[in-house]
Amino acid sequence: MLTISHLRKTFGTLVAVDDVSFGLEAGQLVGLLGPNGAGKTTTVSMIAALVTPDRGEVLVAGRKLQGDTDPNKRRIGLVPQDLALYEELSARDNLRFFGALYGLTGRALDAAIAAAVDLVGLADRVGDRVKDFSGGMKRRLNLAAGILHDPDILLLDEPTVGVDPQSRNAIFDNLEVLKKRGKALLYTTHYMEEAERLADRIVVIDHGRVIADDTLAGLSKVAATSGGRANLESVFLTLTGRSLRD
Amino acid sequence: MALTPLRAMIRKDLLLFFSDRRSVIVSFVVPIAIASFFGAIFSGPGDDREPAKIAVAMIDLDGSAISKGIVEGAQTDKNLKVTTPPEAEARESVRQGKIAAAVVIPKGFGEAAGSAFFGDGEKPELHVMFDPSRSIEQAMIRGVMTQHVMETVSREMFGGAQGRATIEKTLPQIQQSSMPPDQKKALVDMLTSVQQFYSRQKGDAPGSRPPGITMPYTVKEEPVTSGAAVAYNGYAHSFGGMAVQFLLFAMANMGVEMLLERQKGLWKRLRSAPVSRFALLSGKILSGAIISVMVLLVCFAFSMIVFKVKIQGSVAGFLAVSIACGLMASTFGVLVAALGNTPATARGMTTLAVLMMVMLGGAWVPTFVFPAWLQQATLVVPVRWAVDGLDAMTWRGIGIWGAIVPTLILLGFAAAFGALAMTRFKWEEA
C-alpha cells in the first residue's frame, strides 16, 4: 500500500532523514519509533507531501504523488501531533471543513461525519465547540478529522500525547477497528507499550536512519542476545543508546 | 480549481470571524464610533447649525466711545462669543483654556487711536492674552479685531464727538508745526473738509451714524460638491477613512491568524489535502475580501442612516472601489502571513505598517494638508486610492469614471500583494 524508498531530507547542514526505506501493507500497523529529533515527524511529513524529499520517493499504491492536487492524496489521512482543529468552531463545522477539502459534500459528507464521530465516541458532542472539549476529546476529534475521507493509509504522529488513560484506550480501540477494516496505519510514538500493543511491525529510526525494522518478536531477540530483558523498551535502549537527546 | 474546498474555506473563515466577538466589535463598532467622532469634528456647521464661536473676553479699561464701540462690535460678531470679566479673571480663564483669548483695551486707547488714525500720534497698544495651544483661533481673532477697531475708530473720527474734538485740537497744532508748507496745507485742507462734513451731519436725522471705514468687499462662499444644492458631509470622508483603516487591521489580523494556524498544525492538514496552493491562498483572500466589503458596507450604511451620507456619484463605482479595496486589504493580510515569522513579530510589524499606510493615505486627515512632495509620495500608498475613490463616489459626486482609476490601481496592488504572498509563503510543513 505504501512504499518508502531511500528518503533523504536535509535542513541546512542538518541531515534530518537519511536513506529511510520501509513499507506498509493494508491491514497492518507499523510503529515508527525513535528518540526526539530522530527524524520521525520529517519522515511522516514527506509521506504526507508536506515536505519535498531531497532524494528518494514515496509510492502510494505503487504510484508516486504528482503535485498538490494529485487525487491519490485522498488515499492518505494525516493525524498530526498538534491538535489541528479550529477551537472556535463546533466539531461538526470542523469536520465539514476538513471533509470538503477532500471533495466531500452533501449527504456523503454528513454520512462521513456521522461515521467518524461514531467511531471516536463523539456523536453526542458533535454540535459543541471544540474549545469546550477535554484534551482527550480533542485528540479523538483530531483522529476523526484524519479518517473522515476514508483513507487507505493513516499517518498518526504521536496521536495520544497528553491524554488520559481512558481516551488513550479508546483511541487504541479505534485503531484496532481501522486495522481490521484493512487500513494501513503508520504510528509514531515515544510510548513503548503503545507500540507493543498495536504494532505488527516496528521501525526504529535514529539520527535520521532506520536502525531496525522487524516484528516485536524479532526485535526482542536483539535484546535477548544483549543479555537484557526482552521488552520493547530494553530493545529500544539497546538500539538507540542511553544518552539524552534534548 | 475545485470549488468545494474553496467554498468550504470561505465558509469556515466567515464562521471563525463571526464567532470571535472581539473581531466583530473591532471591525464594525469601533470604526463607526471613531468615524462618527472625526466626522463631527471635520463636518463643519452644516446647513442649519451655528458655527462654533470663539470664546473671547473683552476688558474695557478705557471707557471711551471708541473702546465701547469696539466691544459692541465684537459682541455682535457671529464668529465670537464675547464676555466682559475683570482682567485677572480673564487671564485665569485663558490660562485654564476656558477661552481662546482676552483683549484688554487700555486706558486712553480711544484718544490715542484717534490721533494715530491721522498719522500724528503714537499708536496705542491693544493687549491680547491668548492660549498658545490655539494658534489658529488666535489668527482669526486678530483679523476680527482689526476689522472692528478700524470700523469704530474711523466712524468716530469722521462722525463722533471724539473725532470733532480731536480735529479741533489737532488743527492749531498743525498750524504751529514745522511741517513743510505744502504738506501742512494739504493736511489742514483735509481736516477742514472733515469739519465741514461734521457741520452737515448736524442736519441729519437724529441717531444716524456714519459707517466709518468698512471692508470694501464681501465674500460669497460656495462649497463645490456634487451639486448646487448638496452640502458637504464630512462624515462621508471620515467613515471611508476609518472603515479602510479597520478593515486593514482586520486583514492584518487574519494574516497573524494564519501564522497561528501554522503553529497549531492546521496547515499540515490543509497541505496534506488534494488542494492547490493557489486555491488555499485564494480561499483566504476571498473570505478576507468578503469580510472587508462587509465592513465597508456596514460602516457606510450606518453613516447613511444616521448622518445622511449619500452616494452622490455612482453606486456601481462605489461597489467597484469597495470590492477592489477589500481585495487589496485581504491580499495584504495574506502577505503578512507570507512574510511574518511568528505571530508576535508579525502583529507588531503590521500594526506599524497599517498605521503608516492610513496616516499617509489620508484616512485620518485629508491629504491636502500634507506638503506638496508628500502628497505626491503618498500616491504609492494603496489607502490613498481607496480613500480618494470612496470620496469620489460619495460627497464629491463624481460618476463611474471617477471610480475606474482608483479601482484599477487597488486591483493592481491586490495582484502585487497576492503574487508576492504566493512566492514568499512557507509551503513546506516540517
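The model shown is predicted, which means the values in this text are computed figures rather than measured ones. So you know, we letter chains A, B, ... as the sequences are listed, proteins then strands, and number each from 1.
- A:Asp68 and B:Arg277 are joined by a salt bridge, as a carboxylate oxygen and a charged side-chain nitrogen come within less than 4.0 angstrom of each other.
- Annotation: side chain of B:Lys264 is not in contact with side chain of A:Tyr86 (no heavy-atom distance under 4.5 Å).
- Taken from CG in B:Leu266 to CG in A:Leu85, the straight-line distance is 7.0 Å, to the nearest 0.5 Å.
- Within a 6.0 Å radius of CZ in A:Arg92, other residues, nucleotides and ligands contribute 12 heavy atoms or fewer.
- Nearest heavy-atom pair across B:Ala273 and A:Lys73 is O-NZ, 3.1 Å.
- Summarising the geometry, atom OG belonging to B:Ser272 is positioned 12.0 Å from atom CZ belonging to A:Arg74; distances are rounded to the nearest 0.5 Å.
- When heavy atoms are compared at a cutoff of 4.5 Å, B:Arg11 approaches chain A solely by way of its side chain, counted from C-beta outward.
- Annotation: maximal heavy-atom pairing with chain B below 4.5 Å, among A:Asp93, A:Leu155, A:Asn94, A:Thr105, occurs at A:Asp93.
- Within a 6.0 Å radius of CE in B:Met349, other residues, nucleotides and ligands contribute 12 heavy atoms or fewer.
- Atom CZ of B:Phe37 is surrounded by 12 or fewer heavy atoms from other residues, nucleotides or ligands within 6.0 Å.
- Nearest heavy atoms, A:Leu50 versus B:Arg271: CD2-CB, 3.5 Å.
- In this structure, B:Leu16 and A:Leu89 approach most closely via the heavy-atom pair CD2-CG, 3.7 Å.
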Residue pair A:Arg96, B:Lys12: steps toward the side chain to side chain contact (heavy atoms under 4.5 Å, CB included) verdict: CA-CA 9 Å; A:Arg96 290 190 78 83; B:Lys12 178 262 299 176; over 6 Å; no
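- For the residue pair B:Arg269 / A:Asn142, a side-chain donor-acceptor distance below 3.5 Å is found, with atom types taken as modelled.
- If you tally non-hydrogen atom pairs under 4.5 Å between each of A:Thr52, A:Val44, A:Asp70 and chain B, the highest count goes to A:Thr52.
- In this structure, CG on A:Leu101 lies 6.0 Å from CG on B:Leu270, to the nearest 0.5 angstrom.
- In terms of modelled atom types and a separation under 3.5 Å, the side chain of B:Lys268 and the main chain of A:Leu78 share no donor-acceptor contact.
- Note: B:Leu15 CG to A:Phe97 CZ = 11.0 Å, rounded to the nearest 0.5 Å.
- For a residue to count as touching a neighbouring chain, one of its non-hydrogen atoms must lie under 4.5 Å from one of that chain's; by this rule B:Gln263 touches chain A with the backbone only.
- At a 4.5 Å heavy-atom cutoff, the contact between A:Leu104 and chain B is made by backbone atoms alone.
- In terms of heavy-atom proximity, B:Gly265 sits nearest to A:Pro80 at O-CG, 4.3 Å.
- Comparing A:Ala16, A:Ala145, A:Gly67 by how many heavy-atom pairs each has under 4.5 Å with chain B, the most go to A:Ala145.
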